[in-house]
Amino acid sequence: MDIRAATIADSDVIKNIHLNAFPESESALVSKVAVDLLNIPTRPKVMHWVAEVDDVVVGHVAFSPVTVKGAGDFSGYILAPLGVVPAHQRCGIGSRMVKYGVQQLSDSGVNVVFVYGDPEYYSKFGFHADVAKPYLPPYPLEHPLGNRSDPSSLG
Ligand SMILES: CC(C)(COP(=O)(O)OP(=O)(O)OC[C@H]1O[C@@H](n2cnc3c(N)ncnc32)[C@H](O)[C@@H]1OP(=O)(O)O)[C@@H](O)C(=O)NCCC(=O)NCCS
């Protein structure tokens, strides 16, 4: 399995990964968000990586830049979405993409990575809801759980 940075040329395959990975109730929205994040330029850049098995793209993860009011010189990102096609789930690909992305961000000087998702899943990677508590989201969350990881604490 290889991980590489995604490009705009991967738009269709990324769309299909999320259409297949997520439940039908969410898949259209998630795949649209993923493709929009790939195509809309931002500064700092949204970071995208894809996982390939035998030269076929089977997984995608994106990390978008976030700002924190009053935090001064702060570089933060939030992980979403993350998807692996069903035929390749439970083989460690999702884990490797999360760890790879967090490591790349850490190496480039990012201070903090947030995620909004299942604490049971994301706690495997060093994300903890407790450490996210001081950071208030800009709108009410449907599930009042945030997770934050200090990239330097990840192995
Ligand atoms: C969540 C997802 C990305 C995990 O990818 P994956 O490649 O299957 O994950 P891994 O093989 O690295 O598994 C990592 C761990 O999570 C567990 N896990 C994987 N998928 C899971 C699921 N759907 N429910 C609960 N646990 C799951 C695995 O058992 C494994 O645990 P272990 O390390 O204790 O054995 C993938 O199942 C997926 O695309 N799901 C649909 C989309 C989604 O929910 N995305 C995440 C929210 S944005």
Side-chain angles (χ1 to χ4, degrees), residues 1-8 10-40 42 44-68 76-107 110 112-133 135-151 153-155:
M1 196 272 283
D2 297 310
I3 297 178
R4 64 163 173 83
T7 71
I8 288 178
D10 296 305
S11 292
D12 283 348
V13 78
I14 287 173
K15 180 180 169 188
N16 284 325
I17 284 170
H18 296 294
L19 279 176
N20 284 300
F22 278 83
E24 211 179 323
S25 56
E26 303 174 303
S27 61
L29 180 62
V30 176
S31 58
K32 180 180 177 342
V33 169
V35 172
D36 285 352
L37 288 174
L38 191 64
N39 285 275
I40 298 169
T42 61
K45 285 193 304 187
V46 178
M47 305 302 290
H48 294 263
W49 287 281
V50 289
E52 290 182 328
V53 173
D54 298 333
D55 294 329
V56 175
V57 176
V58 298
H60 167 251
V61 65
F63 294 81
S64 301
V66 293
T67 55
V68 173
Y77 272 78
I78 186 162
L79 186 170
L82 166 69
V84 174
V85 292
H88 288 273
Q89 288 178 6
R90 305 236 162 187
C91 301
I93 293 173
S95 300
R96 284 181 60 187
M97 285 199 299
V98 171
K99 288 179 188 164
Y100 182 88
V102 171
Q103 189 63 54
Q104 294 290 312
L105 293 172
S106 176
D107 291 349
V110 169
V112 131
V113 179
F114 297 93
V115 70
Y116 178 51
D118 182 354
E120 205 177 310
Y121 181 67
Y122 286 108
S123 64
K124 295 174 197 289
F125 312 110
F127 291 95
H128 298 288
D130 279 355
V131 287
K133 277 185 186 151
Y135 298 91
L136 300 177
Y139 46 81
L141 300 179
E142 188 183 341
H143 306 289
L145 285 168
N147 290 276
R148 191 208 80 163
S149 167
D150 172 356
S153 71
L154 292 181

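As a basis for the values below, the full set of heavy atoms in this structure was taken, side chains included, without hydrogen atoms, waters or symmetry mates. Numbering of ligands and ligand atoms starts at 1, following listing order.
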Inset, instruction - Output all residues satisfying ring pair (Phe, Tyr, Trp, His ring centres under 6.0 Å) with H88, sequence neighbours left out; order by chain, then residue number. - result: none

Legend entry - Side chains of M47 and Q104 in contact at under 4.5 Å (non-hydrogen atoms): no

Legend entry - Minimum-distance pair of heavy atoms, taken over all atoms of L38 and T7: CD2-O, 3.5 Å

When the side chains of residues 20-37 are checked against the rest of the protein, which donor-acceptor pairs come out under 3.5 Å, sequence neighbours left out?
| unit_1 | atom_1 | unit_2 | atom_2 | d |
| --- | --- | --- | --- | --- |
| N20 | ND2 | N16 | O | 2.8 |
| S31 | OG | S27 | O | 2.9 |
| S31 | OG | A28 | O | 3.1 |
| K32 | NZ | D36 | OD2 | 2.7 |

Inset, instruction - Decide if atom CG of D54 counts as having more than 12 heavy atoms of other residues, nucleotides or ligands within a radius under 6.0 Å. - result: no

Legend entry - Contact residues of ligand 1, where a non-hydrogen atom lies under 4.0 Å away: A21, F22, L82, G83, V84, Q89, R90, C91, G92, I93, G94, S95, Y121, Y122, K124

Inset, instruction - Return the set of residues passing ring pair (Phe, Tyr, Trp, His ring centres under 6.0 Å) with Y77 (not counting sequence neighbours), or none when no residue passes. - result: none

